[in-house]
Amino acid sequence: LNKDILHKLLTLMWSDYSENIKSVAGETIGVKGYGHVLHDELCCRLRKGNEAERVDALNRVVHLRMMTGRMKTVFLKCFTDDHVSVRLTAAKGAGQLQFSDDDVIEGLLTLITEDHSHKVKAAAIEALADIGVVTDKIISQLVWSAQYCQEGSVRSAACLVLAILKVDREDVVNVLRDRLTADADNAVKKASTQALQMLGLKPEKDASLILAIKEAVKKLGSKEAILSSIINSDSASSGYHSSVELGMRSRGSKVSMTRGGTRSDVRSRELAKSVTEPLRREKTNESIGKAEWPDPVKVIERDKEIQTKKEKIKAILLAADKKAEPTAKFLWKKEHPISPLARA
């Protein structure tokens, strides 16, 4: 080939609109013994070209399956390129070339962990499947991606690649089953199901139990369950303190009457405090929790319950006041009500 024909073939390889013509032009240059010229052109484009030129050069490298030591250095730099399209093409190209070099695999793992584009991450994961190398580091990275990557497409790709690489360890199978039941993305569920089937496992094992546990946890964590627990706790605490205060007042009255002394003023203040304290406590709880209860029906029901408690407390206090003084110290005996005349 003379220089004019070589120049025309290079022009066709870079500028023609048809991919077939580009590929044939590149093959012709190599067959005619000008592979070194083609190699230098590709390295120069990968190193100094713009975004479109670097993407086109990567496609030519993949098609011609041309890889040398100098080409490898330039190729690896494409993994850290500023443009997503270049990194995406490089990741796909590494898988298509089945380039099992340690540096290439390390570059793909770096893309999976650090790249901000979910397309690049998924392409790097799929490239690992095409290369077919299985190491503990690769398995660990794929398991992590299947569990914790935010993008559903990346989690789906990781699940499928684990099955393609025939990784059937117990921890990996557990992760796939967990994605089947716990993942909110339907695409991930479908991918995990397919991965389990590829490994010859039944995807529905323990699924019903896990779903039941999830539903129970949702119910326990609902607003209604939490509010009910808080109200019951407040009710038990209020009832306990009221009973303690009532018992202390009764013992105080018994002691005072036994000694023959009168403490009507002190007892009146204690009774007033015992009536107003629960009301103040309930009112404070109501003002604090008011903003947290979006359902007015729940608030009304709680108000009714509080009013019932108040009435019960007042009734207990009134009943304690009406008891006969001579029999007040025998609290365990049945007491007869005092007649209206005696009370007058």
Side-chain angles (χ1 to χ4, degrees), residues 39-40 42-51 53-169 171-173 175-176 179 188 191 195 198-199:
H39 179 272
D40 293 341
L42 291 172
C43 289
C44 183
R45 291 279 180 128
L46 290 174
R47 187 169 54 251
K48 299 180 181 180
N50 56 33
E51 177 185 2
E53 290 174 345
R54 289 201 294 277
V55 170
D56 196 14
L58 287 170
N59 289 328
R60 299 282 75 77
V61 169
V62 172
H63 176 75
L64 296 172
R65 307 189 72 82
M66 180 181 293
M67 186 60 64
T68 62
R70 188 156 64 98
M71 181 79 72
K72 170 189 162 184
T73 303
V74 182
F75 185 88
L76 289 174
K77 290 183 178 179
C78 294
F79 286 158
T80 58
D81 195 272
D82 294 335
H83 299 90
V84 175
S85 59
V86 177
R87 300 197 303 274
L88 180 62
T89 306
K92 291 181 178 179
Q96 293 170 355
L97 290 172
Q98 296 181 346
F99 203 179
S100 59
D101 185 83
D102 292 340
D103 294 333
V104 174
I105 293 177
E106 191 64 31
L108 291 174
L109 292 175
T110 302
L111 287 178
I112 296 171
T113 55
E114 300 179 4
D115 202 278
H116 60 81
S117 172
H118 66 93
K119 293 182 179 179
V120 176
K121 290 181 179 180
I125 290 174
E126 293 169 356
L128 292 176
D130 294 331
I131 294 172
V133 176
V134 181
T135 63
D136 291 338
K137 188 174 183 179
I138 292 175
I139 294 173
S140 299
Q141 183 58 57
L142 292 176
V143 170
W144 186 92
S145 299
Q147 287 182 293
Y148 304 114
C149 259
Q150 296 181 355
E151 300 84 2
S153 59
V154 179
R155 298 198 300 274
S156 301
C159 291
L160 289 175
V161 171
L162 284 170
I164 292 172
L165 296 177
K166 300 185 183 305
V167 182
D168 56 356
R169 295 185 338 198
D171 57 334
V172 175
V173 174
V175 169
L176 294 175
R179 291 302 89 200
V188 179
M198 292 170 63
L199 293 174

Heavy-atom side-chain proximity of [X] to [Y] below 4.5 angstrom:
X: K119; Y: V84; result: no
X: V86; Y: T89; result: no
X: I112; Y: L128; result: yes

Pairwise distance [atom1]([X]) to [atom2]([Y]) - rounded to 0.5 angstrom:
X: Q147; Y: L176; atom1: CD; atom2: CG; value: 9.5 Å
X: L165; Y: L199; atom1: CG; atom2: CG; value: 10.0 Å
X: T80; Y: R87; atom1: OG1; atom2: CZ; value: 9.0 Å

What class does the angle between the rings of F75 and F79 fall in, given that below 30° is parallel, 30 to 60° is tilted and above 60° is perpendicular? perpendicular

[X] bridged to [Y] by N-O distance under 4.0 Å:
X: D81; Y: K77; result: no
X: E53; Y: K48; result: no
X: R45; Y: D40; result: no

Under 3.5 Å side-chain donor-acceptor pair for E51 and S85: yes

For residues Q150 and R155, report the shortest heavy-atom separation together with the two atoms involved.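 Residues Q150 and R155, closest heavy atoms: O-NH1, 3.0 Å.
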
Tell me the closest heavy-atom pair linking A57 and L42, and the distance in Å.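 A57 and L42 have their closest heavy atoms at O-CD2, 3.9 Å.
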
